[in-house]
Q: 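Sending over a structure as structure tokens; questions will come in a sec.
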Protein chains: 2
Amino acid sequence: MDKELCSYPELDKHGFTCPVELTMDVIGGKWKCIVIHQLLDGPKRFNELRRLMPKVTQRMLTLQLRELERDGLVARRIYNQVPPKVEYSLTEFGWELAPIVRSMMDWALKHADTVMEHRSQSLAKTQA
Amino acid sequence: MDKELCSYPELDKHGFTCPVELTMDVIGGKWKCIVIHQLLDGPKRFNELRRLMPKVTQRMLTLQLRELERDGLVARRIYNQVPPKVEYSLTEFGWELAPIVRSMMDWALKHADTVMEHRSQSLAKTQA
DNA sequence: CAGAATCCCCTAGGATACTG
DNA sequence: CAGTATCCTAGGGGATTCTG
């Protein structure tokens with residue numbers, strides 16, 4: 001396989017130049033990875049997710065969940081009762097993302113302080 | 001450790017509720033992961049990156065590179081010559097992202113078609 | 001409870017032109 | 001070659017209100 005001409009027919013057929021671009025298109029939403037991360041722990045109700053993610057508005061949560069649903073990553077189960085109960089869970093396909101999200105979590109726990117150091121340092125330089 | 005009260009002091013000190021949120025803040029830019037993916041292959045010059053990423057504008061490439069630099073993930077080496085030569089490479093810290101980006105690539109190569117199927121299916125439903 | 005509907009804003013990101 | 005400098009806009013995202 002030619003290293004310099006490494007294109008991906010399956011991908012650019014759909015307008016993606018690079019595999020990573022496709023993945024980002026799927027999980028790149030501001031809250032998607034966090035939703036998935038929460039769902040790794042088990043199915044969650046809508047307001048349960050809201051409580052777990054205090055900074056996301058319910059509008060945004062809805063939108064991101066809809067996109068995850070569209071891509072087949074998240075299942076939405078409606079219990080027909082009053083008051084309503086809706087449960088979100090990872091599909092089998094959604095579980096395929098677990099390694100990625102877990103490695104994102106591991107990375108953050110290991111390197112959070114390093115990132116913050118770099119940021120404050122480069123901020124200090126612009127200040128000076 | 002209490003599962004229900006699983007907060008991360010190091011993180012929410014900086015305003016992050018969840019580890020994954022921090023990671024997304026670092027690599028969540030539209031092109032950052034792709035840049036990193038390209039740099040996994042070795043150092044690259046500016047226009048070399050542009051050629052590898054046809055869809056990114058040079059303005060955006062510059063901005064994303066600057067942020068990656070700020071966070072200490074990418075190094076910028078300037079060769080003092082005419083015409084100018086600038087080489088971007090992953091720092092040691094940047095290499096820590098390799099597992100994540102690689103798993104993103106693997107995922108895409110495995111599941112691209114499945115994603116597309118789901119998308120066209122859910123599109124068909126809205127059409128109907 | 002789990003949302004849909006509006007309204008609105010901001011900024012991430014694009015297009016184009018210029019430069020050391 | 002490797003960028004700045006402007007200008008501009010689509011849409012990502014927020015706040016609020018309403019509902020089955």
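None of the values given here were measured: they were computed from a predicted structure. A note on names: the letters A, B, ... follow the listed sequences, proteins ahead of strands, and every chain is numbered from 1. Quick note: numbers below take in every heavy atom, side chains included, and nothing from hydrogens, waters or symmetry partners.
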Q: Should the pair A:Lys55-B:Glu21 be classified as a salt bridge under the 4.0 Å nitrogen-to-oxygen rule?
A: yes
Q: Measure from the side-chain heavy atoms of B:Trp31 and tell me the nearest of C:dC1, C:dG14, C:dG3.
A: C:dG14
Q: Does A:Thr57 reach the side chain of A:Leu61, with side-chain heavy atoms less than 4.5 Å apart?
A: no
Q: Walk me through whether A:Leu73 and B:Val115 qualify under side-chain contact (heavy atoms from CB on, under 4.5 Å).
A: CA-CA 9 Å; A:Leu73 303 166; B:Val115 171; 5.9 Å; no
Q: Is any side-chain nitrogen or oxygen of A:Tyr88 closer than 4.0 Å to OP1 or OP2 of C:dG3?
A: yes
Q: When the distance from CE of A:Met60 to P of C:dC8 is rounded to whole Å, what number comes out?
A: 17 Å
Q: Distance check needed: D:dG3 C1' versus B:Gln64 CD, whole Å only.
A: 16 Å
Q: For the pair made of NZ in A:Lys55 and P in D:dG14, what is the distance, rounded to whole Å?
A: 10 Å
Q: Return the value, rounded to whole Å, for the distance between atom NZ of B:Lys85 and atom C1' of D:dG3.
A: 17 Å
Q: Could you check whether the rings of A:Phe93 and B:His111 sit parallel, tilted or perpendicular, using 30° and 60° as the cut-offs?
A: perpendicular
Q: Inspect the surroundings of CZ in B:Arg76 and state if more than 12 heavy atoms from other residues, nucleotides or ligands are less than 6.0 Å away.
A: yes
Q: Any side-chain N or O of B:Arg76 below 4.0 angstrom from OP1/OP2 of D:dG3?
A: yes
Q: Kindly give the atom pairs (protein nitrogen or oxygen, nucleotide nitrogen or oxygen) under 3.5 Å for nucleotides 15-20 of chain D.
A:
none

Q: Measure from CZ on A:Arg66 to P on D:dG12 and round the result to the nearest Å.
A: 17 Å
Q: Which one, C:dC1, C:dA4, D:dC1, comes nearest to the side chain of A:Pro83?
A: C:dC1
Q: Starting at atom CG of B:Leu61, determine the distance to atom P of C:dA12, rounded to an integer number of angstrom.
A: 17 Å
Q: Between the two end axes of the helix from C:dC1-D:dG20 to C:dG20-D:dC1, each built from 5 base pairs, what angle do you get to the nearest 10°?
A: 60°
Q: Charged N to carboxylate O under 4.0 angstrom, A:Arg119 versus B:Asp25?
A: yes
Q: Please confirm whether the backbone N or O of B:Val26 pairs with a side-chain atom of B:Lys32, one donor and one acceptor, at under 3.5 Å?
A: yes
Q: Nearest nucleotide by nearest heavy atom, which residue falls closer to the 5' end of DNA chain D, B:Leu65 or A:Glu67?
A: B:Leu65
Q: Indicate whether OP1 or OP2 belonging to C:dA2 is found under 4.0 Å from a side-chain N or O atom of A:Arg45.
A: yes
Q: Counting only N and O atoms by type, is there a donor-acceptor contact under 3.5 Å from the side chain of B:Glu48 to the main-chain atoms of B:Lys44?
A: no
Q: More than 12 non-hydrogen atoms from neighbouring residues, nucleotides or ligands closer than 6.0 Å to CD on A:Gln81, yes or no?
A: yes
Q: Tell me whether the OP1 or OP2 atom of C:dG14 has a side-chain N or O from B:Lys30 closer than 4.0 Å.
A: yes
Q: Can a donor-acceptor pair be found, under 3.5 Å and without considering hydrogens, that links the side chain of A:Thr91 to the backbone of A:Gly72?
A: yes
Q: Using atom CD1 of B:Ile34 as one end and atom C1' of C:dG13 as the other, report the distance to the nearest whole Å.
A: 14 Å
Q: Rounded to whole Å, how long is the line connecting atom CG of A:Leu63 with atom P of C:dG3?
A: 12 Å
